[in-house]
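In what follows, a single structure is set out as structure tokens and then discussed.
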Amino acid sequence: MPKVIKEPGKIIIPSDVAYLQMLDEFLEETLRGFGVSESDIADIAISVTELANNAIIHGNKENPEKVVDIRIKLINGAVEIIVSDEGKGFDTLALPDPLTEENLFKENGRGIFIVRSLMDKVDIKIRKDNGTVIKLVKKIKRVHK
Amino acid sequence: MKLSQREINDVVILEPKGKIMGGPDATLLHDKLHELIKDGKKKVIVDLAKVDWMNSTGLGILISGLTTMRNNGGELKLANVTDKIESLLTITKLITVFENYDSLEEALNSFKT
Ligand SMILES: Nc1ncnc2c1ncn2[C@@H]1O[C@H](COP(=O)(O)OP(=O)(O)OP(=O)(O)O)[C@@H](O)[C@H]1O
Ligand SMILES: [Mg+2]
């Protein structure tokens, strides 16, 4: 199993949901360092753990040899996050609407919908045989430290 | 997330604390809800006062707990939904599905009738 790699603005985790906690700690620490408000930190952590869950489960199929790569930076008053996996991708246009009557009681299928509502920009790129790369942008209100 | 449980009369109160984001402790909450059904518990309140936030994993656990409860003649209600979680319930329309109360007391009273 690959080891966790953690540097400023970057964390790489093995495909195991047990690492989500560590990812959340990394996000909170980084975003506090950027001076991001607690409310925006929560929205970003919800969204990034959402995408990491997907990358681990749907993308890498929990293969312990595959990793999820997360980068985070502050540019022009916005936080930009990139989440990449090593899976086969998916059809972003075929995602079911979680709000319909028949889907409302389903246990799954809300993740990407939630990310799209919380973030200002969600850009999904499927690299054929080379994984999914999702870029998120969230404009933030900075707090004085 | 940490999970504690208590019982007042015949109502089980679950109090998760922290964040529900997926991983081992989310599984714990999921399994707990399904275990209660097996134990014949039909009145459950999930008190969310100490939950900072959840993602779709948490919402999925709540909705599957609710469905299983209702299918067995029981009910799962929410108490003390915080702002972050309320806005998630609103955007996903799940707010229309759950009975939710501003305090534990009100949730408990709602089971009395
Ligand atoms: N990184 C990924 N790689 C491959 N497929 C993905 C990836 N992310 C999402 N998907 C596909 O898109 C679907 C929708 O993802 P979404 O997060 O919205 O819902 P979910 O993961 O099925 O359920 P939930 O997130 O509500 O628990 C997934 O079921 C999966 O088929
Ligand atoms: Mg998902």
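Just so it is clear, the structure is predicted and the values come from calculations on it, not from any experiment.
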Interchain contact, A:Ala45 with chain B, by part (heavy-atom threshold 4.5 Å): both
Point-to-point distance, once rounded to the nearest 0.5 Å, from CG of A:Asp43 to CG of B:Leu88: 8.0 Å
Part of A:Ser39 within contact of chain B (heavy atom distance under 4.5 Å): both
More than 12 heavy atoms from other groups under 6.0 Å of NZ on B:Lys17: no
Transitive ILVMFWY side-chain link B:Leu28 to A:Met22, under 4.5 Å: yes
Rounded distance (nearest 0.5 Å) linking atom CD1 of A:Ile46 with atom CD1 of B:Ile85: 8.0 Å
Heavy-atom proximity to chain B below 4.5 Å, by part of A:Asp24: side chain
Engaged part of B:Thr96 at the chain A interface, taking heavy atoms whose separation is under 4.5 Å: side chain
Pairwise distance OG1(B:Thr57) to CD1(A:Ile57) - rounded to 0.5 angstrom: 6.5 Å
Separation of B:Lys93 NZ from A:Asp97 CG (nearest 0.5 Å): 7.5 Å
Backbone of B:Gly60 reached by a side-chain donor or acceptor of A:Asn108 within 3.5 Å: no
Closest non-hydrogen atom pair between B:Leu94 and A:Leu104, with its separation: CD2-O, 3.4 Å
Same cluster (ILVMFWY, side-chain, under 4.5 Å), B:Val46 and B:Tyr101: no
More than 12 heavy atoms of other groups within 6.0 Å of A:Lys106 NZ: yes
Heavy atoms from other residues, nucleotides or ligands near NZ of B:Lys41 exceed 12 (cutoff 6.0 Å): no
More than 12 heavy atoms of other groups within 6.0 Å of B:Asn71 CG: yes
Greater than 12 external heavy atoms within 6.0 Å of B:Glu35's CD: yes
Greater than 12 external heavy atoms within 6.0 Å of B:Glu7's CD: yes
Same apolar cluster (I L V M F W Y, side chains within < 4.5 Å links), A:Leu20/A:Ile114: yes
Distance-minimising heavy-atom pair for B:Pro24 and A:Ala18: CD-CA, 4.0 Å
Chain A contact via B:Thr67 - side chain, backbone, both or neither, heavy atoms under 4.5 Å: side chain
Structural part of B:Leu66 lying under 4.5 Å from a heavy atom of chain A: side chain
Between CG on residue B:Asn55 and CG on residue A:Leu51, distance to nearest 0.5 Å: 10.0 Å
Part of B:Asp83 lying under 4.5 Å from any heavy atom of chain A: neither
Top contributor to chain B interface from A:Val17, A:Leu23, A:Leu118, A:Val115 [non-hydrogen pairs under 4.5 Å]: A:Val17
Under 4.5 Å from a heavy atom of chain A, the part of B:Lys84 involved: side chain
Intermediate values then yes/no, side chain to side chain contact (heavy atoms under 4.5 Å, CB included), B:Lys19 and A:Thr49: CA-CA 11 Å; B:Lys19 298 152 187 167; A:Thr49 56; over 6 Å; no
Within one Ile-Leu-Val-Met-Phe-Trp-Tyr cluster: B:Val44 and B:Leu108, side-chain cutoff 4.5 Å: no
Path from B:Phe111 to B:Phe98 over hydrophobic side-chain contacts below 4.5 Å: no
Atom of B:Met21, atom of A:Asn53 and distance for their closest heavy-atom approach: O-ND2, 2.9 Å
Segment of B:Ile91 engaging chain A (4.5 angstrom heavy-atom cut-off): both
Minimal non-hydrogen separation, B:Val97 against A:Phe105, with atom names: CG1-CE2, 3.4 Å
Over all atoms of both residues, closest heavy-atom pair of B:Ile63 and A:Glu107: CG2-CA, 3.8 Å
